[in-house]
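Below: one structure, written as structure tokens.
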Amino acid sequence: MNNPKRYLITSALPYANGPKHIGHLAGAYLPADIYTRYLRAQKRDVVFVCGSDEHGAAITIQAMKENTTPKAIVDKYHALLESNMKDLGISFDIYHRTSSPIHHETAQEFFTKLNNNGDLIIKESEQYFDDTANTFLADRYIIGTCPICSSEGAYGDQCEKCGTSLSPEQLINPKSTLSGNPPSKKKTTHWYLPLDKHEEFLREWILENHKSDWKTNVLGQCKSWIDAGLQPRAVTRDLEWGVTIPSDVPGGAGKVLYVWFDAPIGYISATKQWALDNNKDWKPYWEDKDTKLVHFIGKDNIVFHCIIFPVMLKLHGNILPDNVPSNEFMNLEGDKMSTSRGWSIEMDDYINDFVKKENGGGMMVDALRYYLTAIAPETKDSEFTWKGFQDALNSELVSIFGNFVNRTFVLMHKLCNGKVPPLHQEIIDEADRKLLEDISNAKQVVEANIENYKYRDALFEVIDLARKGNKFMQDKEPWIVAKQIGEDGKPTVSAQKQIDNCLHLCLQLTANLSILINPFLPSTAEKLCYMMKVVNKMLDWENAGKSNLLSVGYSLRAPELLFRKMEDEEVSIQMEKLKAKSKKIMEANQPAANVSNEAVKVEKPIIQFDDFSKIDLKTGTIISAEKVEKADKLLKLEVDLGTEIRTIVSGIALHFNPENIIGQKVVVVTNLAPRKMKGIESNGMILMAENSDGKLEFISSHVNNGSSVS
RNA sequence: CGCGGGAUGGAGCAGUGGUAGCUCGUCGGGCUCAUAACCCGAAGGUCAUAGGUUCGAGUCCUAUUCCCGCUACCA
């Protein structure tokens, strides 16, 4: 969309169950902030909204962990997140929260409208229920034995050992993680959003209309989901913490909106609150076709912002996002960032260790903003390293950008009495014209890159302009020219003219740099304005590319260093800290992990003899074994049962080599219902025992094949 | 399994049919106004692997390998 009347920019709502790390910052907040600051400098009508996502089961779980209430949890982390974002220069127009009354009203209205229009369907289903905790269980809070690979501790939605997606009903011997008891089943009614009805719309809107302007990773993911077949998705949950179903809706008692449904509506309620606070009308931002809506998110959020929320918006009569520039993930020192493993740099830690230090402040905010933008995972995962941070800060910000500004100011004070020198038209040469051209080109390149969501490239262009400034000054060598002294002991008239022109251009370049760097490094831009004694209005984007930003004869302040170097010692301190934090958290989690494992391993319920006698066990011998193509854990076995030879597929490839188990005597469940695995029908199951190391061993007998076991 | 993204000199990345580039790092030289910095120059890549299409492929096609991710409130 070109030249929209107004922009609405959103960043993914951070989940208020704990502190957030610099990966979140790099993925969703910083790019959005850069884009917004750029648009503001363009004097566009733009609103940048965000807020804490405060609902969902994980909040209540976190409350139990911290032995407090969900409200206390969200209050605590909302305040922390809001202050962290502010400290790092993320310039939201509003940082809202989904626990606010206006959000509840908005989400309820949204639900009611869709429900009244017949856009939702109602289904009754049986779900697992924990009688002790008196609550329905989210998929994630049920664990049991994986039906595919037989490993313990598989979750209700997925087995992490073999990666299979599961539904809770498939788990063998399910347990509630809340009480450790086996859950019961209860009927419950829920509203669903029938995504499958909107497949055609999504195909056309995403895969046709946006096939050339959306990022390839986003398009690829969307296509993958659409092709896989969209399913109706539950909109409601049986929980207490969340947006309640409006009381006039029959059957809604005791239910809340599923957090995925209410969270994105938070963008709308935040806009409403912003409008109230600023005496504006919120509606055009969500209803007028001339509004450009852009969602900044990380790749885990693509499905919500490209598939689900757009369907909701369409049904509700709102505008659709113009783009969803999702980033990939940022790793940290060779490993994935993970809050639960303590392998992360929390925003709050960075702020305390660098920003709120004597030699920190805005320059260290900008240092982080610089590095995160320079290594932003725009097209693939990238990696944050402290050494890389140090290198980028020391060699690019300090040496190239900071040094250019500093030497310009120092020379101007030394050779031009601290005033902006005149530009002598008669001696302008090719290099001067080239520099002016570079400035104008840089503006256009930065512009194009920002508008195409390529912040890494845009920022590089700004630094490159400073690099060109350094080269220009080196070629002109005003400090050498100044040695051409006349009889009065001052530089000759012709020498002074050369000096004037060089520094005049370097100063105008500095002014341009402050405009171009402003969206990325706002503190730095502000400091430059202070040094140049100009008001912030000079930073308006329309001024970029001009060569008369500083008036001749205007006296400027003495230079201040824009950035400081990062010492080796600081790098090692941070590395130590990271390792220590990770170790501490892993140790703290260890006992908890054991407890949950033991909960899973409790005895199965007592069965009657009749139940046992239904199982037909026979002895046999493995006569052939081969790996199943393209499956890590499966072996295809031929087992001689005396009277017949059975094909059995068994998930034991990680434990045994096929050639080593030929001839192995085994006990087989022969009347298990056949089951296809990777296209091969398996007729039975081999009994195995797991030793204390988690290795599997065969259970065998030396009697003849085909003997019954009882 | 399947699907999506990725694989280019030590590191990070550009390059989507026509002589393989950039930044950092390394090495050498120059200069000195500047936060021991800045400028210039050099070394360093069989563009993951194997085939194919083409006058010509990092770029298109096929197969393979490896990394990341995949309807989890981890960006």
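Below, read A as the first sequence line, B as the second, and so on, with proteins coming before strands; counting in each chain starts at 1.
The residue A:Tyr29 sits apart from the nucleic acid: no heavy atom pair falls under 4.0 Å. When heavy atoms are screened at a 4.0 angstrom cut-off, A:His55 is found touching no nucleic acid atom at all.
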Base-contact (B) and sugar-phosphate-only (S) positions in nucleotides 31-40 of chain B, heavy-atom cut-off under 4.0 Å, - elsewhere: -SBBB-SSSS

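Separation of the P atoms belonging to B:rC55 and B:rC47 is 22 Å when rounded to the nearest angstrom. Here, B:rG10 and B:rG5 have their C1' atoms 26 Å apart, quoted to the whole Å. Using C1' as the reference atom, B:rC39 and B:rC66 are 42 Å apart when rounded to the nearest Å. On the P atoms, B:rU46 is 9 Å away from B:rG9, given to the nearest whole Å. One P atom belongs to B:rA14, the other to B:rU8, and the distance between them is 10 Å to the nearest Å. For the P atom pair drawn from B:rU53 and B:rU62, the interatomic distance equals 15 Å after rounding to whole Å. Across B:rC3 and B:rG41, the matching P atoms stand 49 Å from one another, rounded to whole Å. Nucleotides B:rC13 and B:rG58 have their C1' atoms positioned 14 Å apart, rounded to a whole Å.
A distance below 6.0 Å separates the ring centres of A:Phe384 and A:Tyr371. Between A:Tyr35 and A:Tyr453, the ring center distance clears the sub-6.0 Å criterion. Aromatic ring centres of A:Tyr455 and A:Phe520 lie farther apart than the 6.0 Å criterion allows. For A:Phe92 and A:Phe48, the ring centers are positioned less than 6.0 Å apart. Taking the six-membered ring where the residue is Trp, the centroids of A:His78 and A:Tyr95 are separated by under 6.0 Å.
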Nucleotide pairing, RNA chain B (Watson-Crick or G-U, distances under 3.5 Å), in dot-bracket with [ ] and |: .(((((((.[[[[.)..(..]]]].(((((.......))))).....[[[[[..)....]]]]])))))).....

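As a whole-Å value, the separation of A:Arg237 CZ from B:rA72 C1' is 12 Å. The interatomic distance linking A:His24 (NE2) with B:rC73 (P) rounds to 12 Å, in whole Å. Computed from coordinates, the A:Met566 CE to B:rC24 P distance equals 20 Å when rounded to whole Å. A:Tyr192 has its OH atom 18 Å from the P atom of B:rU71, to the nearest Å. Whole-Å rounding puts the A:Phe460 CZ to B:rG15 P distance at 13 Å. Rounding to whole angstrom units, CD of residue A:Gln390 and P of B:rG12 are separated by 17 Å. Rounded to whole Å, the distance from CG on A:Asp391 to C1' on B:rU26 is 12 Å. The separation between A:Phe309 atom CZ and B:rC73 atom P is 16 Å, rounded to whole Å.
Using a cut-off of 4.0 Å between Lys/Arg side-chain N and Asp/Glu carboxylate O, A:Arg467 and A:Glu461 are scored as not salt-bridged. Taking a cutoff of 4.0 Å between a charged side-chain nitrogen and a carboxylate oxygen, A:Asp348 and A:Lys20 do not qualify as a salt bridge.
Judged purely by distance below 3.5 Å, without hydrogens or angles, the side chains of A:Tyr267 and A:His305 pair a donor atom with an acceptor atom. Residues A:His103 and A:Thr98 have side chains that never bring a donor and an acceptor to within less than 3.5 angstrom of each other.
The 5' end of RNA chain B is approached more closely, in terms of each residue's nearest nucleotide, by A:Arg233 than by the other of A:Arg233 and A:Ala12.
Residue A:Arg456 places its side chain closer to B:rC13 than to any other of B:rC22, B:rC13, B:rU71.
Here the rule is side-chain contact (heavy atoms from CB on, under 4.5 Å) with A:Val398, and of A:Leu393, A:Asn406, A:Leu561 only A:Leu393 fits it.
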